[in-house]
Amino acid sequence: MKHPPRTFARLSPLAILILILLAAIARGAPPNVVLFLVDDLGYGDLSSYGHPTIKTPNIDGIGERGIRLTSYYAAAPSCSPSRAALLTGRYPLRVGLPRVLGPETTLGIPAAELTLAEALKEKGYRTAAIGKWHVGHAKPEFLPTGQGFDSYFGLLYSNDMIRPWVNTDRPLELWRNDRPIEHPVDQTQLTVRYTEEAQKFIRSSEGNPFFLYLPYSMVHVPIHAAPQFRDKSRAGPYGDVVEAIDWSVGQVLKTLHEVGVVDNTLVVFTSDNGPWQNMPDRMFQGNVIKPWHAGSAGPLRGYKATTYEGGVRVPAIIQWPSRIEGGRASADIVTAMDLYVTILKAAGAAVPSD
């Protein structure tokens with residue numbers, strides 16, 4: 001008598017998720033992909049990760065319909081290296097971006113690297129990046145439009161990279177595609193404008209698979225929220241900014257529903273690194289930024305720029321209603337580089353052999 005086949009009960013939650021994603025390739029159309037990335041959001045900054053006063057029902061809802069990862073690690077405790085790894089699936093040092101880029105930095109993701117956007121475009125995806133880029137801008141090939149994105153709208157680097165916080169004469173500009181369109185930038189409206197751009201992109205999909213990369217400029221200091229979000233949170237100005245992002249996530253998810261693609265859309269929400277609780281003295285010039293404008297790592301030790309848990313262990317929540325059973329949490333270790341491979345396999349795209 002043959003032994004009965006092994007069941008999912010013997011597998012870890014992460015292994016089950018990967019099997020489901022791989023099996024989905026053969027069962028229908030490739031999924032749309034929406035990747036939310038928040039700047040400097042800490043492990044303890046969401047309701048579903050234990051924050052007592054910040055309310056994030058829309059973000060938490062992704063986990064209720066999918067899976068919440070409690071041991072997800074960014075590739076680095078700072079912006080540029082973390083984002084380079086997320087977009088290429090490789091360690092930051094191998095991509096040549098081991099440190100944060102500034103306004104005058106001449107580095108960027110090398111043209112030889114295959115980004116998520118480039119790999120998905122080869123499978124017929126429409127691609128858009130909306131928000132903070134921060135992985136190179138000195139050459140046209142370093143811009144989002146040179147790295148596989150059909151369109152771009154946002155800031156090329158961190159919103160604090162202007163005087164008095166950074167010694168530069170380069171203005172902080174809002175870009176569309178390959179050119180600046182506006183400065184100075186009204187940062188109070190960034191989250192709202194990013195949301196509107198994301199909704200337009202989704203509505204123009206016309207049934208074609210799409211990849212939307214939405215890296216918010218917030219909650220990086222200086223923090224800003226539109227008037228309709230101010231003084232709404234019990235957690236002060238920082239809570240207002242997080243709850244504005246929660247609103248944005250809700251609007252994007254609502255648009256997926258309206259267009260009728262939510263069931264076959266893989267949604268990922270995460271952060272690039274932990275909270276910037278160790279800001280240097282230069283950040284407090286001008287009496288704009290306050291020490292309490294940084295987030296929380298919850299029960300974890302450390303913060304941004306450190307390799308303690310609080311610097312690299314961040315929230316990560318995934319939903320794909322037609323493929324992933326909802327309401328689960330997993331403590332299995334996952335990294336930003338795993339997202340690259342998993343998304344490509346779910347889309348039926350080739351994973352680079354190197």
Side-chain angles (χ1 to χ4, degrees), residues 20-21 24-25 27-38 46-48 55-68 116-117 120-121 123-132 144 149-154 176-177 189-218 225-229 232 241-270 315-327 339 343 346-348:
I20 292 172
L21 295 178
I25 297 170
R27 290 209 297 263
N32 306 303
V33 179
V34 175
L35 176 52
F36 296 106
L37 186 70
V38 186
L46 304 178
S47 300
S48 54
K55 303 303 179 185
T56 52
N58 295 306
I59 298 169
D60 300 340
I62 298 173
E64 293 167 4
R65 294 181 295 272
I67 187 168
R68 185 169 59 91
L116 260 177
L120 292 174
K121 272 183 68 70
K123 295 296 294 184
Y125 278 68
R126 296 172 59 251
T127 58
I130 301 170
K132 174 185 167 181
F149 289 99
D150 297 322
S151 61
Y152 174 64
F153 180 81
R176 185 176 293 280
N177 298 328
Q189 296 298 316
L190 280 178
T191 297
V192 173
R193 295 178 72 178
Y194 291 168
T195 306
E196 292 170 348
E197 290 286 328
Q199 291 175 295
K200 290 177 185 176
F201 174 73
I202 293 170
R203 288 175 181 143
S204 66
S205 61
E206 298 180 346
N208 298 309
F210 60 82
F211 170 41
L212 170 61
Y213 176 48
L214 183 44
Y216 295 99
S217 293
M218 302 296 138
Q228 62 265 37
F229 301 109
K232 302 296 184 182
V241 177
V242 176
E243 291 187 5
I245 290 175
D246 182 74
W247 165 85
S248 174
V249 169
Q251 293 300 110
V252 172
L253 295 176
K254 179 181 177 182
T255 306
L256 294 176
H257 276 282
E258 292 173 349
V259 175
V261 298
V262 68
D263 284 345
N264 195 36
T265 299
L266 175 60
V267 175
V268 180
F269 178 94
T270 190
I317 315 175
I318 302 171
Q319 78 169 46
W320 187 3
S322 65
R323 300 290 184 257
I324 299 174
E325 180 184 354
L339 287 182
I343 290 172

With rounding to the nearest 0.5 Å, note down the distance linking CZ in F149 to CD1 in I130. 10.0 Å
So, does D150 use its side chain to make a donor-acceptor pair with the main chain of A128 at under 3.5 Å? no
Which distance, rounded to the nearest 0.5 Å, do you find between the CG of D246 and the CZ of F269? 8.0 Å
Heavy atoms, side chains only, cut-off 4.5 Å: are F36 and I245 in contact? no
Side chains of S322 and D263, donor plus acceptor under 3.5 Å: no
Mind checking whether L190 and Y216 have side chains closer than 4.5 Å, heavy atoms only? no
Once rounded to the nearest 0.5 Å, what's the spacing between atom CD1 of I67 and atom CD1 of I62? 13.5 Å
Considering only heavy atoms from C-beta outward, does the side chain of W320 approach that of N264 to under 4.5 Å? yes
Roughly how far, to the nearest 0.5 Å, is CZ of F201 from OH of Y213? 14.5 Å
Side-chain heavy-atom pair I318, L339 within 4.5 angstrom cut-off: yes
Is there a donor-acceptor pair under 3.5 Å between the side chain of T265 and the backbone N or O of V33? no
How many angstroms lie between CG in N32 and CZ in R126, if you round to the nearest 0.5 Å? 9.5 Å
Between Y152 (side chain only) and G131 (backbone N and O only), is there a donor and an acceptor less than 3.5 Å apart? yes
Do the non-hydrogen side-chain atoms of K123 and P209 ever get within less than 4.5 Å of each other? no
Passing option when S248 is tested against V38, N58, T191 for side chain to side chain contact (heavy atoms under 4.5 Å, CB included): T191
Spacing of CG belonging to D60 relative to CZ belonging to R65, to within rounding of 0.5 Å: 10.0 Å
Residues that R193 engages under side-chain hydrogen bond (donor to acceptor under 3.5 Å, both in side chains), provided they are two or more places apart: E182
Taking side-chain hydrogen bond (donor to acceptor under 3.5 Å, both in side chains) as the test, write out the residues that go with K55, two or more places apart. none
Do the side chains of P30 and Y125 get nearer than 4.5 Å, heavy atoms only? yes
Can you find a pair of side-chain heavy atoms, one from E258 and one from I202, that are under 4.5 Å apart? no
